[in-house]
Amino acid sequence: MRGVPALRAALARLSAARLTRERLTVEGYGASGERALRTAHGTLVDFSSNDYLGLARHPALAAAMAASAHARGAGSGASHLVTGHGAEHAALEAELAEFTQRERALLFSSGYMANLAVMTAFAGRGERVLLDRLSHASLIDGARLSGAQLKRYAHADAASCARLAASAGAPAALIGTDGVFSMDGDLAPLRELARSAAAHEAWLAVDDAHGLGVLGAGGRGTLELQALSAAEVPLLIGTLGKAFGSYGAFVAGAAEVIEFLMQHARTYTYTTALPQPVAAASRAALALVRAEGWRRERLAANVARFKELAASAGLRLLPSDTPIQPLILGSAAAALEAQAGLARAGYRVVAIRAPTVPRGQARLRIALGATHTDAQIAGLVGALVSACMGSP
Ligand SMILES: *Cc1c(COP(=O)(O)O)cnc(C)c1O
């Protein structure tokens, strides 16, 4: 069967497996700093967004964006290598390099594109890429696109990675991992992975999409927390759409590493540069990430409070000390029912199902933010108990 009837049948199978994705249109938000979503089904407290520090609707970002749009326009008009590279991009790259304590940073339009770039530039045919089994989809897709042989080691298991790196066959060109795992909230064992990478002269690429801005006293992420040097992690990928509340991504590293990436990354060359107003918003966000350590402190306190209340309520969360707090429910149907129950109680917590997480491990992925109030957190725990444990 081909054509539309085949698509209809495939969509029906997806629906029968409870794996259809649906969007919720957000009509508006609560006041700045409040985590409220106004929808056609009422107002929901948002416990799913990656806006960990509460910057996405911060007035400083909006003001920077508006000023930049007035001065330089809405669109960049061309790729970075033609005429699309502007002063705002250059300044943001310099500031990100300084923040991450590396010689250079290269902006990309999204984290997905940054990861495709890193994988295809630093690995190729006749080589191997070793990735954590739970790596983000963009690392996996990038490894596939590179033409290298993709091998996946057991989750957060540096010994498993070391065995694969030492096994016979094509040489390991690159080891890649998330810093904070996006659907589990746990951390990669970066020191041990760095040792394996050095022993095999492989590149180590760490995608710290959920660590930067959030972890470490200075917000420099998983590397700051685990005290890793720039030399130990030659390729650091960061995104600007999560804790930074803006949009875009970057790769930071030594000058020659970044120059090589710029010369070889097809997702850099063949796409329009990020609008400068977006880069301006990211610069404003970076300034707040650096200046307002209280946001990270509030966030850590909220994570601790949530974990404590959840534990005393008998909820069994995955072990995580980051703002990502998963509650495994098993089947897609159970996770969707819990999501619906929470929505009726006024909370937006999205059910995460296959293929985003392995089949049979569907879950609620609760994401805490610095701007959640004590009452919202306590309310969520009560609603979770009702929605997931069947009590009234
Ligand atoms: C979100 C995410 C990305 C993709 O970043 P975008 O800027 O949203 O494209 C990459 N890696 C990880 C680990 C992520 O969580």
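Every number for a ligand or one of its atoms is a count from 1 in the order of the listing. This is a predicted model, so every value here is computed, not measured.
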Do Arg290 and Glu98 meet the salt-bridge criterion of a basic N to acidic O distance under 4.0 Å?
-> yes
Under 3.5 Å, side-chain donor or acceptor atoms of residues 2-31 against the rest of the protein: list the pairs with distances, not counting sequence neighbours.
residue: Thr20; atom: OG1; partner: Ser15; partner atom: N; Å: 3.4
residue: Arg21; atom: NH1; partner: Ala354; partner atom: O; Å: 3.0
residue: Arg21; atom: NH2; partner: Thr356; partner atom: OG1; Å: 2.8

Check residues 129-142 and write down every donor-acceptor pair under 3.5 Å in which the side-chain atom is one partner and the other belongs to a residue at least two apart or another chain.
residue: Asp132; atom: OD1; partner: Leu134; partner atom: N; Å: 2.7
residue: Asp132; atom: OD1; partner: His155; partner atom: ND1; Å: 2.9
residue: Asp132; atom: OD2; partner: His155; partner atom: ND1; Å: 3.4
residue: Asp132; atom: OD2; partner: Ala156; partner atom: N; Å: 2.6
residue: Ser135; atom: OG; partner: Asp132; partner atom: N; Å: 3.3
residue: Ser135; atom: OG; partner: Asp132; partner atom: O; Å: 2.8
residue: His136; atom: ND1; partner: Ser138; partner atom: N; Å: 3.1
residue: His136; atom: ND1; partner: Ser138; partner atom: OG; Å: 2.7
residue: Ser138; atom: OG; partner: Asn115; partner atom: ND2; Å: 2.9
residue: Asp141; atom: OD2; partner: Tyr112; partner atom: OH; Å: 2.4

So Leu240 and Phe108, side-chain contact (heavy atoms from CB on, under 4.5 Å) or not? Walk me through it.
-> CA-CA 10 Å; Leu240 300 166; Phe108 284 84; over 6 Å; no
Select all protein residues for which some heavy-atom-to-ligand 1 distance is less than 4.0 Å, and list them by chain and number.
-> Ser110, Gly111, Tyr112, Asn115, His136, Ser138, Asp178, Ser182, Asp207, Ala209, His210, Thr239, Lys242
Let me have the donor-acceptor pairs involving side chains of residues 227-235, under 3.5 Å, with sequence neighbours excluded, atom names and distances please.
residue: Ser229; atom: OG; partner: Ala231; partner atom: N; Å: 3.4
residue: Ser229; atom: OG; partner: Glu232; partner atom: N; Å: 3.2
residue: Ser229; atom: OG; partner: Glu232; partner atom: OE1; Å: 3.2
residue: Glu232; atom: OE1; partner: Ser229; partner atom: N; Å: 2.8
residue: Glu232; atom: OE2; partner: Arg191; partner atom: NH1; Å: 3.0

Close side-chain approach of Arg220 to Thr100, heavy-atom, < 4.5 Å | no
